[in-house]
Colleague: 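Here's a structure for you.
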Amino acid sequence: ISHAVLPGVALSFILGIEIFSFYELLILSDTIEQFSSEMIKAIIQDLSHHHQRLANRTRYRKIICQIACRGAVTCIQEGKEKEAQECLALVKAYCHEKDAYSRLIYRFTKGYYCIFYGQGEERLLGIESMKKVIEIFDWEGSINLEKTYQKLYDKYVKNYNFQIGRAHV
């Protein structure tokens, strides 16, 4: 299947699911960024509806947090603040105290949200939060995660030239 056809095939597949299994969640995690913000909102609402059933499984929580964070980034980039907030609220609802990775990617995504929609101090705190997540991945020895999130930071923040007061990022 070509990459151009994949989002349509994945969308048809996802729309036909009544109850998500881990397999469908993995597919969704790899394709959510290809969907429109309206479709992301519908998926997030569906995952929110199934919170009680899915939240008790560690693997499900982790992948759902990843889906919602990726969905939030897509919504932020499309200028859909309300939908991004819904994605972030879902991550917060699914995050468990023991889910360090999920909490870190939430902080990274929330930082991006603050940079994109915040003003002055909020933007600075967003940048600080994103940088801290990268530093934690590095300190913890998760080199691939550190590199991945550094690339995301460079792509979405460093190379975007956000204005913070009189300074630029």
Colleague: Can you find a heavy atom in the side chain of Phe35 that is under 4.5 Å from one in the side chain of Thr74?
Modeller: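 They are not in contact (no side-chain heavy atoms under 4.5 Å apart), so the answer is no.
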Colleague: Residues in salt bridge (charged side-chain N to carboxylate O under 4.0 Å, His left out) with Glu128, at least two apart?
Modeller: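 Checked Glu128 against salt bridge (charged side-chain N to carboxylate O under 4.0 Å, His left out); matches are Lys132.
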Colleague: By side chain to side chain donor-acceptor pair (under 3.5 Å), which residues pair with Ser48, not counting sequence neighbours?
Modeller: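 With sequence neighbours excluded, Ser48 shows a side chain to side chain donor-acceptor pair (under 3.5 Å) to no residue whatsoever.
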Colleague: Answer yes or no: is there a donor N or O on one side and an acceptor on the other, between the side chain of Ser36 and the main chain of Met39, under 3.5 Å?
Modeller: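 The answer is yes, because a donor-acceptor pair under 3.5 Å joins these two groups.
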Colleague: Who pairs with Ser29 by side chain to side chain contact (heavy atoms under 4.5 Å, CB included), at least two apart in sequence or on another chain?
Modeller: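 Checked Ser29 against side chain to side chain contact (heavy atoms under 4.5 Å, CB included); matches are Ile63, Gln66, Ile67, Arg70.
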Colleague: Can you sort out the partners of Gln150 under side chain to side chain donor-acceptor pair (under 3.5 Å), two or more places apart, ordered by chain and number?
Modeller: Asp154
Colleague: Tell me every residue that passes salt bridge (charged side-chain N to carboxylate O under 4.0 Å, His left out) with Lys147, counting only those two or more places apart in sequence or in another chain.
Modeller: none
Colleague: Could you name each residue pair satisfying ring pair (Phe, Tyr, Trp, His ring centres under 6.0 Å) that touches residues 57-102, not counting sequence neighbours?
Modeller: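 Output for this query lists Phe22-Tyr60, His51-Tyr94.
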Colleague: Do Gln77 and Tyr156 have side chains that get closer than 4.5 Å, going by heavy atoms?
Modeller: yes
Colleague: Only counting residues at least two apart or in another chain, list the ones meeting side chain to side chain contact (heavy atoms under 4.5 Å, CB included) with Ala89.
Modeller: none
Colleague: Return the set of residues passing side chain to side chain donor-acceptor pair (under 3.5 Å) with Thr148 (not counting sequence neighbours), or none when no residue passes.
Modeller: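 Side chain to side chain donor-acceptor pair (under 3.5 Å) list for Thr148, sorted by chain: empty.
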Colleague: Any salt bridge (Lys or Arg N to Asp or Glu O under 4.0 Å) pairs touching residues 32-42, not counting sequence neighbours?
Modeller: Glu38-Lys80, Lys41-Glu86
Colleague: Report the residues that fulfil side chain to side chain contact (heavy atoms under 4.5 Å, CB included) with Leu104, sequence neighbours left out, ordered by chain and then residue number.
Modeller: Val133, Ile136, Phe137
Colleague: In chain order, what residues pass the side chain to side chain contact (heavy atoms under 4.5 Å, CB included) check against Glu122, with sequence neighbours excluded?
Modeller: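 Residues passing side chain to side chain contact (heavy atoms under 4.5 Å, CB included) with Glu122: none at all.
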Colleague: Taking only residues at least two apart or on different chains, which pairs with a member in residues 94-105 satisfy salt bridge (Lys or Arg N to Asp or Glu O under 4.0 Å)?
Modeller: Arg61-Asp99
